[in-house]
Participant: 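The structure's right below; bear with me while I get my questions together.
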There are 2 protein chains.
Amino acid sequence: MPQPIENAIPDVVILRLPLYVRALAQLHDSDTEVVSSHALGEKLQITPAQIRKDLSYFGRFGKQGRGYNVLYLLSELKSIMGLNQEWRAALIGMGRLGRAIISYPGFVREGFHIVAVFDADPALVGTEIDGVPVRNMAQLDRIISEQRIHIGIVAVPEEHAQAVVDQLVKCEVKGILNYAPISPQVPDGVWIRNIDPVLSLQTLTFHLKG
Amino acid sequence: MPQPIENAIPDVVILRLPLYVRALAQLHDSDTEVVSSHALGEKLQITPAQIRKDLSYFGRFGKQGRGYNVLYLLSELKSIMGLNQEWRAALIGMGRLGRAIISYPGFVREGFHIVAVFDADPALVGTEIDGVPVRNMAQLDRIISEQRIHIGIVAVPEEHAQAVVDQLVKCEVKGILNYAPISPQVPDGVWIRNIDPVLSLQTLTFHLKG
DNA sequence: TAATGTGAAAACCTTCACAGCT
DNA sequence: AGCTGTGAAGGTTTTCACATTA
């Protein structure tokens with residue numbers, strides 16, 4: 001007999017929530033106290049109906065005739081998305097890309113802290129980069145549990161990426177941000193996002209070509 | 001009266017095509033000559049039916065009972081996506097991020113060449129970085145037309161990103177890869193892709209939170 | 001036999017439109 | 001009067017299932 005599956009939140013909805021959070025934070029910074037789905041949609045190029053429907057998956061946050069209280073909706077959404085806590089991440093791969101990642105201030109500003117970095121190169125291990133000691137891959141398991149790390153950021157060459165992802169999965173890391181130009185396989189219950197500018201360029205050229 | 005719109009290719013399909021190209025290139029590198037939708041789907045975690053349906057928007061590339069000739073399908077897809085030509089890009093913003101981008105070998109390997117770089121900082125303009133002279137923003141228009149540049153890569157701080165995008169649009173650039181943490185507005189006929197690791201992390205935490 | 005290409009069905013997502021609240 | 005929240009309608013995308021062909 002078919003199990004009536006509890007209505008899950010559509011994935012596309014989850015992809016839009018951070019956009020709402022960002023727009024609401026901007027509105028709050030410019031001292032806007034109330035916003036309608038129409039005004040928010042204008043800012044984000046999203047229809048008002050879609051915004052209302054998205055929010056309705058999580059509760060009722062607005063006031064009819066008035067709109068949404070910016071600060072209240074912002075704090076509710078942050079709580080829904082797990083953004084009112086600090087997140088601790090490990091960075092694997094300290095080549096050029098890894099260095100660019102660790103020196104990017106945008107992560108810390110949004111509550112994502114790289115608290116440990118790893119590399120396979122013995123020449124790097126033991127040195128410090130931006131004040132963070134570079135560790136041996138053999139220490140991954142221990143450090144991840146000691147430091148209560150929940151996110152892995154993969155910045156190793158393509159050919160090692162899947163192995164590193166597998167290692168992270170073994171260490172019970174459930175969230176992975178992958179910069180290598182592959183789509184690594186992960187088991188159910190592990191969440192991965194790929195940052196792949198070449199793929200993005202390749203979807204552009206389809207529209208640009210003669 | 002409602003115009004019977006010519007059945008367009010769904011956007012999601014276009015987003016998947018580069019994945020097929022990448023997988024086929026790997027198969028070709030490992031001397032596989034023929035692949036079925038099932039085998040390709042296994043590699044990419046995509047259902048065989050979806051792959052066949054996607055390909056069917058563009059033609060009939062397979063042989064019943066056998067599958068797809070890897071090299072033939074690869075070359076057809078590259079042609080469909082505009083990937084059998086070299087693409088010339090301008091990079092705007094030569095801070096830490098811009099330097100990481102210009103030194104990333106993955107773009108050139110896939111046929112994307114950064115042939116001019118720009119920055120607003122007078123201290124940088126006139127110097128060379130990785131052998132490429134850094135130019136003044138005032139020269140954007142002239143260089144883009146002289147060098148036949150079709151893609152703009154935006155790596156400037158958030159607060160200048162929309163203005164730079166607007167400038168690129170004025171210069172008739174139709175494809176933009178944006179690294180600033182905003183979603184710039186562009187007119188119809190201009191295509192933009194955003195690279196935004198913070199947004200990606202924020203969609204991860206939804207699944208990770210207690 | 002094995003696997004494509006494709007209409008039709010199912011699932012999914014967006015938009016409509018309006019009752020109901022402020 | 002104005003705007004939310006939401007069933008229902010409409011549209012899009014995915015999956016099914018099978019006739020067809022090598």
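Every heavy atom of this structure was used, including side-chain atoms; hydrogens, water molecules and symmetry mates were not. To find a chain, count down the sequence lines: A is the first, B the second, and so on, and within it residues start at 1.
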Participant: Where does the angle between the aromatic ring planes of B/Trp87 and B/His150 fall among parallel (under 30°), tilted (30 to 60°) and perpendicular (over 60°)?
Facilitator: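 B/Trp87 and B/His150: perpendicular rings.
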Participant: Would you say C/dT14 has OP1 or OP2 under 4.0 Å from some side-chain N or O of A/Arg16?
Facilitator: yes
Participant: Report the distance from atom CD of A/Gln50 to atom P of C/dA17, rounded to the nearest whole Å.
Facilitator: 17 Å
Participant: For the pair made of CG in B/Asp11 and C1' in D/dT13, what is the distance, rounded to whole Å?
Facilitator: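 These atoms are roughly 12 Å apart.
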Participant: Can you tell me if the side-chain N/O atoms of A/Gln64 get under 4.0 Å from OP1 or OP2 in C/dG20?
Facilitator: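 Checking A/Gln64 against C/dG20: no side-chain N or O falls below 4.0 Å of OP1 or OP2.
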Participant: Start at the 5' end of DNA chain C and walk down; is the nucleotide closest to A/Ala49 or to A/Arg60 reached first?
Facilitator: A/Ala49
Participant: Without hydrogens or angle criteria, can the side chains of A/Asp166 and A/Gln162 be said to hold a donor-acceptor pair below 3.5 Å?
Facilitator: yes
Participant: Would you say A/Tyr68 places a side-chain N or O within less than 4.0 Å of OP1 or OP2 belonging to D/dG2?
Facilitator: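 Negative; the distance criterion is not met.
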Participant: Nearest whole angstrom, please: distance from the P of C/dT4 to the CD1 of B/Ile51.
Facilitator: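 Checked: the CD1 to P distance equals 9 Å.
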Participant: Using atom CG of B/Leu15 as one end and atom P of D/dT13 as the other, report the distance to the nearest whole Å.
Facilitator: 11 Å
Participant: Output the single nucleotide from D/dG5, C/dC13, D/dT14 whose closest atom is nearest the side chain of A/Val12.
Facilitator: C/dC13
Participant: Ignoring backbone atoms, test whether B/Arg52 places a side-chain nitrogen or oxygen under 4.0 Å from the OP1 or OP2 oxygen of C/dT4.
Facilitator: yes
Participant: Mind calculating the distance between CD1 (A/Ile14) and P (C/dC12) to the nearest angstrom?
Facilitator: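 In whole Å, C/dC12 P lies 14 Å from A/Ile14 CD1.
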Participant: Could you tell me whether the phosphate oxygens of D/dC3, OP1 or OP2, come under 4.0 Å of any side-chain nitrogen or oxygen in A/Ser36?
Facilitator: no
Participant: Taking only side-chain N and O atoms of A/Ser37, does any of them lie within less than 4.0 angstrom of OP1 or OP2 on D/dT4?
Facilitator: yes
Participant: State whether B/Phe206 and B/Lys209 meet the cation-pi test: NZ (Lys) or CZ (Arg) under 6.0 Å from the six-membered ring centroid, and within 45° of the perpendicular axis.
Facilitator: yes
Participant: Would you mind reading off the distance between A/Arg66 atom CZ and C/dT22 atom P, rounded to a whole angstrom?
Facilitator: 12 Å
Participant: Any chance the side chains of B/Asn194 and B/Tyr179 put a donor and an acceptor closer than 3.5 Å?
Facilitator: no
Participant: State whether A/Asp11 and A/Arg16 are salt-bridged, where the test is any N-O pair (Lys NZ or Arg NE/NH1/NH2 against Asp/Glu carboxylate O) under 4.0 Å.
Facilitator: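 Salt bridge absent between A/Asp11 and A/Arg16.
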Participant: Could you check B/His38 against B/Lys53 and say which one's nearest nucleotide on DNA chain C is further toward the 5' end?
Facilitator: B/His38
Participant: Atom CZ of B/Phe58 to atom C1' of C/dG5: distance rounded to whole Å?
Facilitator: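 Value for this atom pair: 15 Å.
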Participant: Nearest to the side chain of A/Ser56 - D/dT14, D/dT6, C/dT6?
Facilitator: D/dT6
Participant: May I have the distance from A/Ile46 (atom CD1) to C/dT14 (atom P), rounded to whole angstrom?
Facilitator: 10 Å
